Trainee: 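After the structure tokens below, expect a handful of questions from me.
One-based numbering along the sequence shown. All values derive from a computational prediction rather than experimental measurement.
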Amino acid sequence: MSGDMVRIRPPVMAQIPDFKAPPPLSLYIHVPWCTRKCPYCDFNSHEPRGDIPESEYIAALVADLEHDLPRVWGRPVETVFIGGGTPSLLRPESVDRLLSEVRARVPLRPGAEITLEANPGTVDQARLTELKAAGINRLSIGVQSLDDELLRRIGRIHDATAARSAAEGAIAAGFDNWNIDLMYGLPGQSVAGAQADLRAALALGAPHVSHYQLTIEPNTAFHHAPPATADDDALWEMQEHCRELFATAGYDQYEVSAWARPGHRCEHNLNYWLFGDYLGIGAGAHAKITVVSSQSVERCSRLRSPRDYLAGEGATRIAERRRLETAADLGLEFMMNALRLSAGFHRRVFEEHAGIPLMLFERELARAEALGLIERDHLRIWPTERGRRYLNELLMLFMAADQLA
């Protein structure tokens, strides 16, 4: 080959991770109850039989956190996210107690972002004011649509008036950092209807919008009886028209489904997307912890049933535990998260958070670049517009990274 050296890359599977220090740490707290299960929802949510056992559940959460403390001892918690389910079903005094117990056990970063998910119909201005006093400084409101007929078709218990009332209540309670969830591609929704829904949502004034497509997931009511939804061309047209509306309104698309005004990106989700660590407590919660001593990443999940979770103790609340120890697994999981970000990732962040050299994936990166799915320079790698549209195809390039010559 005219004297050129042929470089043979060692198999990715053979590369041993080398973590110098763990990445930033977040805390996720799951509240598994909802007033009613939505037909599209595949999250761990359950309709309560009678009153929610708030005191018992918070005691279980605290014990769960204490069980995991040795794994993260001394590490500051950067963000907290209370998700569900419908955490806003909890009384504000229960949330206050929970956050006080958390602060007593982990070093929470001063000014840390603390988010609580809330559904319209479960909160009013007075309740939101109390939640803010308890320490919640960011809300995520599950609006989903501002069209009463579409809300009915997707099984939501609130109407558009309740959604507007929740947004107005958030502003009146003093929240300047809040999100609304908005779906598109709903049963019977047209392209014009998706645009009208977004205009109505933007009029609420939320500085952050999670704008995502309805997908039919296994083990949901919609999976067993699928509704008629838009075809791929109509879905893409919805995305394009809505992107124009977001841009005109001053929102930046920093992740595939996330739009924010300056200074209002969700720090908790950014830690997920950059392969940061997170404790996960509560029924069905997931965790990801980097263990420098064993040069591995541990993933675990809790029991999904609230009854079983409450009856458990210590390790008996763990449903599954596994380790990521190969470079192929670590690299793929990093890419599955970070390539969702419009700005992509810094090469240094990859090597610090995944614990392996980026050069191991040069073949896959070169292929992605040749296909127009990514762009890169000496500092960063980011997906192109084509790469974001065909994200699954981009990630497929990294799924066989261990099968190298």
Trainee: Quick one: which residue pairs count as a ring-ring contact (aromatic ring centres under 6.0 Å, His included) with a foot in residues 20-39, not counting sequence neighbours?
Mentor: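 Sorted pair list: Y28-H30, W33-Y57.
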
Trainee: Is the distance between the ring centroids of F275 and F345 less than 6.0 Å?
Mentor: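 For F275 and F345, the ring centres are not under 6.0 Å apart.
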
Trainee: Work out which heavy atom in R138 is nearest to a heavy atom in F175; give both atom names and the distance.
Mentor: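 Minimum heavy-atom contact is N-CE2, 4.0 Å.
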
Trainee: Would you check, one step at a time, whether the test side chain to side chain contact (heavy atoms under 4.5 Å, CB included) holds for V31 with L89?
Mentor: CA-CA 9 Å; V31 178; L89 290 174; over 6 Å; no

Trainee: Output the distance between atom OG (S210) and atom CH2 (W259), rounded to the nearest 0.5 Å.
Mentor: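 One gets 12.0 Å once the value is rounded to the nearest 0.5 Å.
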
Trainee: Does one side chain, of R156 or Y40, offer a donor that lies under 3.5 Å from an acceptor on the other?
Mentor: yes

Trainee: With distance as the sole test, does T290 use its side chain to make a donor-acceptor pair with the main-chain N or O of V297 at under 3.5 Å?
Mentor: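 Checked: no pair found.
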
Trainee: Could you go through T86 and S88, starting from their C-alpha distance and side-chain angles, then the distance that decides it, and tell me whether this counts as side-chain hydrogen bond (donor to acceptor under 3.5 Å, both in side chains)?
Mentor: CA-CA 5 Å; T86 307; S88 52; 5.6 Å; no

Trainee: With sequence neighbours left out, write down each residue that passes side-chain contact (heavy atoms from CB on, under 4.5 Å) with L332, or none if nothing qualifies.
Mentor: M336, F398, M399

Trainee: Assess whether side chain to side chain contact (heavy atoms under 4.5 Å, CB included) is satisfied between L341 and L270, documenting all intermediate values.
Mentor: CA-CA 9 Å; L341 294 169; L270 279 169; 3.8 Å; yes

Trainee: Check E240 with R389, please: is the shortest side-chain N to carboxylate O separation under 4.0 Å?
Mentor: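 So R389 does not pair with E240 through a salt bridge.
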
Trainee: Could you report the tightest heavy-atom contact between S45 and K37, atom names first, then the distance?
Mentor: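 The answer is OG-NZ, 2.8 Å.
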
Trainee: Can you see which heavy atom on G193 is nearest to which on S190, and at what distance?
Mentor: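 For G193 and S190, the tightest heavy-atom pair comes out as N-OG, 2.9 Å.
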
Trainee: If you measure only the distance, is there a donor-acceptor pair under 3.5 Å linking the side chains of Y184 and H241?
Mentor: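 Checked: Y184/H241 side chains show no N/O donor-acceptor pair below 3.5 Å.
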
Trainee: Are any non-hydrogen side-chain atoms of R323 and S294 less than 4.5 angstrom apart?
Mentor: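 A side-chain contact exists here, since the closest heavy-atom pair is under 4.5 Å.
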
Trainee: Any chance you could measure R265, atom CZ, to N179, atom CG, to the nearest 0.5 Å?
Mentor: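 R265 atom CZ to N179 atom CG measures 14.5 Å (nearest 0.5 Å).
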
Trainee: Could you give me the CA-CA distance, side-chain angles and deciding distance for F246 and V209, then say whether side chain to side chain contact (heavy atoms under 4.5 Å, CB included) is met?
Mentor: CA-CA 9 Å; F246 274 119; V209 179; 3.8 Å; yes

Trainee: Let me confirm one number: the CG-NE2 distance from D181 to H208, rounded to the nearest 0.5 Å.
Mentor: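 Going from CG on D181 over to NE2 on H208, the span is 9.5 Å.
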
Trainee: Tell me whether R71 is salt-bridged to E298, with the criterion being a basic N under 4.0 Å from an acidic carboxylate O.
Mentor: yes

Trainee: Can you tell me how far the CG atom of L150 sits from the CG atom of L186, to the nearest 0.5 Å?
Mentor: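 Atom-to-atom, L150:CG and L186:CG are 5.5 Å apart.
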
Trainee: If you apply the rule side-chain hydrogen bond (donor to acceptor under 3.5 Å, both in side chains), what do you find for S26 with T79, and how did you get there?
Mentor: CA-CA 5 Å; S26 293; T79 63; 2.6 Å; yes

Trainee: Side chains of V72 and L279: does their closest heavy-atom pair fall under 4.5 Å?
Mentor: yes

Trainee: So, do R97 and E101 sit near enough that their side-chain heavy atoms are less than 4.5 Å apart?
Mentor: yes

Trainee: Hey, could you give me the CD/CD1 distance between Q295 and I16, rounded to the nearest 0.5 Å?
Mentor: 9.0 Å

Trainee: Whether K20 and E352 form a salt bridge (side-chain N of Lys/Arg under 4.0 Å from carboxylate O of Asp/Glu) is what I want to check.
Mentor: no

Trainee: Salt-bridged, E149 to R152, with N to O below 4.0 Å?
Mentor: yes

Trainee: Has the side chain of D96 got a donor or acceptor atom that lies under 3.5 Å from a matching backbone atom of G135?
Mentor: no

Trainee: Return the minimal non-hydrogen interatomic distance between I356 and A327, and the atom names on each side.
Mentor: CD1-O, 3.4 Å

Trainee: Evaluate salt bridge (charged side-chain N to carboxylate O under 4.0 Å, His left out) for D329 paired with R322, printing each intermediate quantity in order.
Mentor: CA-CA 12 Å; D329 287 342; R322 64 187 178 92; over 6 Å; no

Trainee: Using every non-hydrogen atom in the two residues, find where L214 and P187 come nearest and quote the distance to one decimal.
Mentor: CD2-CD, 3.8 Å

Trainee: For D64 and G282, work out which heavy atoms get closest and say how close.
Mentor: OD2-N, 3.4 Å

Trainee: Could you walk me through whether T122 and N119 pass the side-chain hydrogen bond (donor to acceptor under 3.5 Å, both in side chains) test, one step at a time?
Mentor: CA-CA 6 Å; T122 66; N119 278 344; 5.9 Å; no

Trainee: So, is the end of the R376 side chain (NZ or CZ) under 6.0 Å from the ring centre of W382 and within 45° of the ring's axis?
Mentor: no

Trainee: For R299 and E320, what are the C-alpha separation, side-chain angles and deciding distance, and is it a salt bridge (charged side-chain N to carboxylate O under 4.0 Å, His left out)?
Mentor: CA-CA 8 Å; R299 285 199 177 277; E320 182 182 11; over 6 Å; no

Trainee: If we only count heavy atoms from C-beta on, is the L151 to I157 side-chain gap below 4.5 Å?
Mentor: no

Trainee: List the steps, then state whether side chain to side chain contact (heavy atoms under 4.5 Å, CB included) holds for N219 with D42.
Mentor: CA-CA 7 Å; N219 301 315; D42 69 336; over 6 Å; no

Trainee: Got a donor-acceptor contact below 3.5 angstrom from the R317 side chain to the Y309 backbone?
Mentor: yes

Trainee: Enter the distance from L198:CG to M238:CE here, rounded to the nearest 0.5 Å.
Mentor: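 Atom-to-atom, L198:CG and M238:CE are 12.0 Å apart.
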
Trainee: Is there a donor-acceptor pair under 3.5 Å between the side chain of R340 and the backbone N or O of W273?
Mentor: no

Trainee: Got a donor-acceptor contact below 3.5 angstrom from the N337 side chain to the L274 backbone?
Mentor: no

Trainee: Can the ring centroids of F350 and H346 be said to lie less than 6.0 angstrom from one another?
Mentor: no

Trainee: Does the E393 side chain pair with the main chain of M396, one donor and one acceptor, at a distance under 3.5 Å?
Mentor: no

Trainee: Output, in order, the C-alpha distance, side-chain angles, deciding distance and verdict of ring-ring contact (aromatic ring centres under 6.0 Å, His included) for Y272 and H286.
Mentor: CA-CA 12 Å; Y272 285 160; H286 289 249; over 10 Å; no

Trainee: Okay, side chain of E362, backbone of M359: is any donor-acceptor separation there less than 3.5 Å?
Mentor: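 Judged by distance alone, no pair lies under 3.5 Å.
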
Trainee: Using modelled atom types and a 3.5 Å cut-off, is there a donor and acceptor pairing between side-chain atoms of Q189 and backbone atoms of G185?
Mentor: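 It does hold such a pair.
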
Trainee: What verdict does the side-chain hydrogen bond (donor to acceptor under 3.5 Å, both in side chains) test give for T215 and Q213, after you've listed the backbone C-alpha separation in whole Å, the side-chain angles of each residue and the deciding distance to 0.1 Å?
Mentor: CA-CA 6 Å; T215 55; Q213 176 188 329; over 6 Å; no

Trainee: Under 4.0 Å between a Lys/Arg side-chain N and an Asp/Glu carboxylate O for R199 and D197?
Mentor: no

Trainee: Are the side chains of L202 and Y251 in contact, using a 4.5 Å heavy-atom criterion?
Mentor: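 When only atoms from C-beta onward are counted, L202 and Y251 do touch, with a gap below 4.5 Å.
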
Trainee: As a test of understanding, state which of V106, L98, N137, I114 forms a side chain to side chain contact (heavy atoms under 4.5 Å, CB included) with V80.
Mentor: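 Single side chain to side chain contact (heavy atoms under 4.5 Å, CB included) partner of V80 among V106, L98, N137, I114: I114.
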
Trainee: I'd like to know if the side chain of H264 reaches the main chain of D176, judged simply by a donor and an acceptor atom lying under 3.5 Å from each other, with no hydrogens or angles considered.
Mentor: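 Between the backbone of D176 and the side chain of H264 there is a qualifying donor-acceptor contact (under 3.5 Å).
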
Trainee: Is a side-chain donor or acceptor of S94 paired with a backbone partner of L90 at a separation under 3.5 angstrom?
Mentor: no

Trainee: Say whether Y212 and Q144, considering side chains only, have a donor N or O and an acceptor N or O under 3.5 Å apart.
Mentor: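 On atom types as modelled, these side chains qualify, holding a pair under 3.5 Å.
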
